[in-house]
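Worksheet for the structure shown next.
Scope of the values below: all heavy atoms of this structure, side chains included, with no hydrogens, waters or symmetry mates.
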Amino acid sequence: MQITNPMKSKISTNLSMAARQMHSILVTILFIISMVWVPYGTVHADAAGGGVTSSSVKWHPGHYYSIMSGQKNDPAYLKQVYSELDNTPALRGVQIRYSWTELETSYGVYDFTSIDKRLAELAAKNKRLIILLNLRTFDPDTALVPDYLKNNSIYEGGIFPYASGSSSTIKGYNIKLWNPMVRDRLAALFSALGKRFNSHNYFEGIGLTETAMGTPTKPLTSVQINDYYSNLLVLNQNMQDSFRNTMTYQYANYSRPILPSLIDGLKAMGAALGCPDVFIEEPGLLYSGTPKGVYKYYPENSGLMPLTVQVEGSNYENTRYDGTGYQPTVSELLAFAKSKLNVNYIFWVRDSDYYPQVLEMLNWNGQTSNPSGGLDSTCPKNYTSCIN
């Protein structure tokens, strides 16, 4: 997954429009907070061993492999990945991407076969599974939603195209989350997933891809934009309700004006903050003005909520999205995520050009001295208790 230039195509509306949306978003947050079962600030304690209880969350922070989604069912590829897991104790498990259409083949008909198989294989190795659900594609030919959404007017076709910058060429598709019928069908998917996997000891987490929408080829109204982000927060609450004992997370990057309300809402409901990239010099992510970039929210929320980040393929190549920085070392990426962002989980994309360096680094003493691979393992305060 790649982000687009924040000065051109990442922010799909200008700041003044976003500011007008804040009131409605805040109203949504107040509603969500009123539904939270476990209040923020509840006293918590780590649970040594034991099973899943109504208030316990599985907590195995550390380093995870993010494997190429197109190869997640390829036996030869998986054999190599599992061999690398066996030889790299610091890797606690695997993050795998799935699309909605892969998991719901027709209305209310779910196929979790791939997840079941990967989970069983990982559990046999004492490794864990984290799911990332795509809400956006990065090429126009990748299927995103079930066909029944595209063929029914009540869902408005389910998806909308976006481009990059001033180009009119379709780069991919995004889900029409402003439509409450679309939102509710996604919530039904979370409910089905939760019933199957929430209580599984090796199902570690489930999250959603980035908040950035790209540049819609047909401009959205302020109401649509507002409802998109309001419903995104509602979906995170739905995901929390379905996975009471499992880490849920939301990747956040742009637009910056929606971040304060989104992150406060995630923290209040007991969810985790994530980011899809480690660009250690990216101006928009590091911005310290108003509204500030997502990286600025990490240190202030350390210990208060789980913090995750993904090292994407492009992050190995340059410190900035536009390529004007320099190529960082794997050690620099780790140091930034660990010391500047204070993350609990790092998802290392298994890029074919760089994974040998990642594996080498993960076998150094700093990453093998404890189960969390040197990352912060403190149970966050928005969990009532953690199961280690």
Side-chain angles (χ1 to χ4, degrees), residues 1-13 66-72 95-105 131-151 155-179 182-183 185-186 189 207-221 224-225 227-229 231-232 235 249-256 258 262 274-277 279 282 284-285 294 310-315 317-318 320-323 347 349-351:
M1 174 169 47
Q2 294 181 339
I3 63 172
T4 51
N5 191 320
M7 296 301 295
K8 295 182 179 179
S9 62
K10 198 59 146 178
I11 301 177
S12 58
T13 188
S66 183
I67 66 174
M68 300 303 180
S69 59
Q71 296 173 291
K72 61 178 173 282
Q95 181 203 61
I96 302 178
R97 296 171 185 249
Y98 286 91
S99 66
W100 183 357
T101 189
E102 289 179 281
L103 302 178
E104 187 178 12
T105 56
I131 294 300
L132 180 63
L133 185 66
N134 285 332
L135 296 185
R136 174 180 174 182
T137 68
F138 290 84
D139 70 79
D141 298 322
T142 300
L144 184 60
V145 300
D147 287 342
Y148 74 83
L149 272 81
K150 294 183 284 186
N151 299 326
Y155 305 114
E156 303 177 63
I159 57 176
F160 65 93
Y162 71 91
S164 179
S166 59
S167 171
S168 60
T169 302
I170 295 176
K171 184 176 180 181
Y173 289 88
N174 212 323
I175 295 175
K176 291 183 175 179
L177 284 185
W178 60 77
N179 184 310
V182 175
R183 176 202 63 203
R185 291 310 305 156
L186 258 179
L189 172 62
L208 302 177
T209 48
E210 64 190 68
T211 53
M213 285 192 281
T215 304
T217 56
K218 178 182 178 181
L220 304 182
T221 68
Q224 287 173 321
I225 295 170
D227 289 348
Y228 180 97
Y229 287 115
N231 283 335
L232 183 62
L235 277 175
Y249 61 102
Q250 172 67 60
Y251 278 169
N253 46 8
Y254 298 99
S255 70
R256 292 198 307 267
I258 63 97
L262 176 74
C275 183
D277 288 286
F279 278 122
E282 186 64 29
L285 301 176
V294 68
Q310 175 177 280
V311 180
E312 180 56 80
S314 56
N315 306 153
E317 298 171 357
N318 206 278
R320 297 188 181 210
Y321 172 74
D322 64 6
F347 308 132
V349 168
R350 189 184 180 275
D351 187 288

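- The line from CG of L220 to CE of M213 is 5.5 Å long, rounded to the nearest 0.5 Å.
- Among all heavy-atom pairs drawn from A163 and S168, the shortest one is CB-C, 4.3 Å.
- For R185, the salt bridge (charged side-chain N to carboxylate O under 4.0 Å, His left out) partners are E104, not counting sequence neighbours.
- Judged as a side-chain hydrogen bond (donor to acceptor under 3.5 Å, both in side chains), and not counting sequence neighbours, Y173 has no contacts.
- Rounded to the nearest 0.5 angstrom, S314 OG and Y321 OH are separated by 8.0 Å.
- Within the 4.5 Å cutoff, no side-chain heavy atoms of Y229 are placed close to those of L177.
- Across all their heavy atoms, R97 and N134 have their closest contact at NH1-OD1, 3.6 Å.
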*Carefully, step by step, assess V182 and V145 under the rule side chain to side chain contact (heavy atoms under 4.5 Å, CB included).*
CA-CA 10 Å; V182 175; V145 300; over 6 Å; no
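- Looking only at side-chain heavy atoms (C-beta outward), N253 and T211 come within less than 4.5 Å of each other.
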*Show your working on salt bridge (Lys or Arg N to Asp or Glu O under 4.0 Å) between E102 and K72 and close with a plain yes or no.*
CA-CA 12 Å; E102 289 179 281; K72 61 178 173 282; 3.0 Å; yes
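- Taking 4.5 Å as the limit, every side-chain heavy atom of L149 sits out of range of all side-chain heavy atoms of I175.
- Between T221 and Q224, the closest side-chain pair of non-hydrogen atoms falls below 4.5 Å.
- By the 4.5 Å heavy-atom criterion applied to side chains, L186 and L133 are counted as neighbours.
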_Residue pair V294, R256: steps toward the side chain to side chain contact (heavy atoms under 4.5 Å, CB included) verdict_ = CA-CA 7 Å; V294 68; R256 292 198 307 267; over 6 Å; no
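- With sequence neighbours excluded, the residues forming a side-chain hydrogen bond (donor to acceptor under 3.5 Å, both in side chains) with T142 are D139, listed by chain and number.
- Judged by distance alone, with hydrogens and angles left aside, the side-chain atoms of Q71 form no donor-acceptor pair with the main-chain N or O of M68 at under 3.5 Å.
- Taking Y148 as the reference, Y107, Y155 meet the ring-ring contact (aromatic ring centres under 6.0 Å, His included) condition, with sequence neighbours excluded.
- Evaluation of the side-chain hydrogen bond (donor to acceptor under 3.5 Å, both in side chains) rule for K176 yields no partner, not counting sequence neighbours.
- Distance check: D322 CG to E282 CD gives 6.5 Å after rounding to the nearest 0.5 Å.
- For W100, the ring-ring contact (aromatic ring centres under 6.0 Å, His included) criterion is met by no residue, not counting sequence neighbours.
- Y228 approaches N174 most closely through the heavy-atom pair OH-OD1, 3.1 Å.
- The two residues A143 and T137 have their closest heavy-atom pair at O-CG2, 4.4 Å.
- Atom CD of E210 is separated from atom SG of C275 by 8.5 Å, given to the nearest 0.5 angstrom.
- Nearest heavy atom pair, residue R136 against residue L144, reads N-CD1, 3.8 Å.
- F160 and Y162 have their aromatic ring centers separated by at least 6.0 angstrom.
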*From CA spacing to verdict: side chain to side chain contact (heavy atoms under 4.5 Å, CB included), I170, T217*: CA-CA 7 Å; I170 295 176; T217 56; 4.2 Å; yes
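- Judged as a side-chain contact (heavy atoms from CB on, under 4.5 Å), and not counting sequence neighbours, the contacts of S66 are Q95, Q310, F347, V349.
- In this structure, the side-chain hydrogen bond (donor to acceptor under 3.5 Å, both in side chains) partners of E156, at least two apart in sequence or on a different chain, are W178, N179.
- The shortest distance between side-chain heavy atoms of T209 and L132 falls below 4.5 Å.
- Between the side chains of Y251 and D277, no donor-acceptor pair of N or O atoms lies under 3.5 Å.
- A 4.5 Å side-chain heavy-atom check between F279 and N315 finds at least one atom pair inside the cut-off.
- Using a 4.5 Å cut-off on side-chain heavy atoms (C-beta onward), L232 and Q250 make contact.
- Not counting sequence neighbours, the partners of R350 by the salt bridge (charged side-chain N to carboxylate O under 4.0 Å, His left out) test are E84.
- The backbone N or O of G323 sits less than 3.5 Å from a side-chain atom of N318, completing a donor-acceptor pair.
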